[in-house]
J.: 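My structure is below; once you've seen it, I'll send some questions.
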Protein chains: 2
Amino acid sequence: MAANILVVDDEQSIADLIEVYLKNENYDVYKFYNGWDALQCIENQNIDLAILDVMLPDIDGFSVCQKIRERHNFPIIMLTAKDEEIDKITGLTLGADDYVTKPFQPLELVARVKAQLRRFTRYNSPEPLREEKVIAFAGLVLNKDTHECTLNEKPLSLTPTEFSILWVLASNRGRVVSSEELFREVWGDKYYTNSNNTVMVHIRHLREKMGDNAEHPKYIKTVWGVGYKIEK
Amino acid sequence: MAANILVVDDEQSIADLIEVYLKNENYDVYKFYNGWDALQCIENQNIDLAILDVMLPDIDGFSVCQKIRERHNFPIIMLTAKDEEIDKITGLTLGADDYVTKPFQPLELVARVKAQLRRFTRYNSPEPLREEKVIAFAGLVLNKDTHECTLNEKPLSLTPTEFSILWVLASNRGRVVSSEELFREVWGDKYYTNSNNTVMVHIRHLREKMGDNAEHPKYIKTVWGVGYKIEK
DNA sequence: TAAAATTCTTAAGATTATCTTAAGGCAGCC
DNA sequence: GGCTGCCTTAAGATAATCTTAAGAATTTTA
């Protein structure tokens, strides 16, 4: 599910914007403001999809696109200004898989990224896209089927609720999950009441079992006024 | 919240089972035992989500899925036998949003239905889409959901109030926002009293965290006698 | 240039959110 | 029924944030 996405745009604010939206969907983002740096990255990282602005300071996006296609096969989405009618066609014929005109709705771009990844993985891997059954990172291993959990090889015996909370946090790691969202995910929408500290208490138990404390947590961090978060 | 859900499965007992669980969650269920009847229903009813078995007596679920996608955009969850041919399962990802293998836990299916409906309404509700969730410019990135904020890639830890103030200024950048307006936006109209320097103090904290000073501010500028402003 | 107005800075007390602890309730098992 | 383990609730403790106020600094006005 997690994929490495290359973003190339010389307008920093736009690249930043795209980055946030993609990270919010748990993609790993490699961001560059010019073409050559991006091309170099491609050789070192295992990129799954590229988003390229047509207008770049050094070499234009079409050339970057072409160069990528000489050696790689992943989907490419081009960003073009609205009035570059002819360029669109050019871009597409040069190996781009989709294009989006500026200004764009970030969510639309995200949707297209997903679509391309779906299409690409369908043609390139026999494995179906499925929901994760195991999450492993930073010494923590969670198995959704068995509810088993180990931290640095040592088993943690978590209660069902604790496991569910940790699972939600772990599968959303890198972003903040509000207490309310956590509650809805674990207990279900209809049980939600906005005055109880149940989640908090379970977080406390989790931290205890994980050897964490609230002041300097290694795993579950408190984001004041917003919720909880596990770093990526 | 109540949604119309289409259930298509030739095994009557399974379709019935799903129906019971969905109705228990207050969903309206449209239940069919074959593909064609289901397709016909879709044109007449305003369906919000479909659950399709792959094995159907007349046309297979995969084709039904395709046909739905020709005209509709709602989420589709596929039901597949556990030992289904891999390429078939792979094919399912064409247009389907999720799938569940038989035998399944009814509650898991219900959970996935909820998840898909949540996801779908998030991306399709016309209004919230207009409100930006992320603002990015000049190296500053603000995420309204998580209250995360980075300045030149480095995270700033802002308090809730600080974040809100910065958000208002950033989303109005290029124009001056008066202290009073700022207060009303952040705290709400009813708390406003025309003598307090609360806003000022928070601005001070913001500037501190952003490495700004009042005399030569890079970000939050004071417009004497009027208010504060972030340049476009 | 002096006075007035506005903004800045600082720190301390008030407030609010979160944390911690412990007790009671409920379900499953012997 | 009694035991066990888990979940929830509540209440006090702690920590983070917010507000206030007062004096300093700055800009404007006269």
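Excluded from the calculations below are hydrogen atoms, water molecules and symmetry mates; all remaining heavy atoms, backbone and side chain alike, are included. Quick note on labels: first sequence line is chain A, next is B, and so on, each numbered from 1.
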J.: Under the side-chain contact (heavy atoms from CB on, under 4.5 Å) test against B:Val186, which residue among B:Thr198, B:Val199, B:Thr161 passes?
T.: B:Thr161
J.: Identify whether the distance between the nearest side-chain nitrogen and carboxylate oxygen of A:Lys23 and A:Glu25 falls below 4.0 Å.
T.: no
J.: Check the distance between C:dT9's P and B:Ile220's CD1 and give it to me in whole angstrom.
T.: 12 Å
J.: Between A:Lys209 and A:Ser157, is there a donor-acceptor pair closer than 3.5 Å when you use the side chain of the first and the backbone of the second?
T.: yes
J.: Just by modelled atom types, is the B:Asp37 backbone N or O under 3.5 Å from a matching donor or acceptor in the B:Asn34 side chain?
T.: yes
J.: Between D:dT17 atom C1' and B:His147 atom NE2, what is the distance in whole Å?
T.: 14 Å
J.: If an axis is fit to five pairs at each end of the helix from C:dT1-D:dA30 to C:dC30-D:dG1, what is the angle between the two, to the nearest 10°?
T.: 20°
J.: Looking at D:dC6, I'd like to know if its phosphate oxygens (OP1 or OP2) sit under 4.0 Å from a side-chain N or O belonging to A:Thr161.
T.: no
J.: So, does A:Thr198 get its side chain near the phosphate of D:dT9, meaning an N or O under 4.0 Å from OP1 or OP2?
T.: yes
J.: Starting at CG of A:Leu206 and ending at P of D:dC6, how long is that distance when rounded to a whole Å?
T.: 13 Å
J.: Check this for me, if you would: do B:Asp16 and B:Lys31 make a salt bridge, where the nitrogen-to-carboxylate-oxygen distance has to be below 4.0 angstrom?
T.: yes
J.: Taking OP1 and OP2 of D:dT8, is either one under 4.0 Å from a side-chain nitrogen or oxygen of A:Trp187?
T.: yes
J.: Considering the options A:Lys232, A:Arg175, A:Arg173, which one meets the side-chain hydrogen bond (donor to acceptor under 3.5 Å, both in side chains) requirement together with A:Asn26?
T.: A:Lys232
J.: Are side-chain N/O atoms of B:Ser179 and B:Arg184 paired as donor and acceptor at under 3.5 Å?
T.: no
J.: Just how far, in rounded Å, is C1' of D:dC6 from CD of A:Glu162?
T.: 9 Å
J.: Could you give the CZ-to-C1' distance, from B:Phe163 to D:dC18, as a whole number of Å?
T.: 18 Å
J.: Given atom NE2 of B:His202 and atom P of C:dT7, what is their separation to the nearest angstrom?
T.: 17 Å
J.: Could I get a table of every N or O pair under 3.5 Å where one atom is in the protein and the other is in nucleotides 19-23 of chain C?
T.:
unit_1	atom_1	unit_2	atom_2	d
C:dC19	OP1	A:Arg207	NH1	3.1
C:dC19	OP1	A:Thr222	OG1	2.5
C:dC19	OP2	A:Tyr228	OH	2.5
C:dT20	O4	A:Asn197	ND2	3.2
C:dT21	OP2	A:Arg204	NH2	2.3

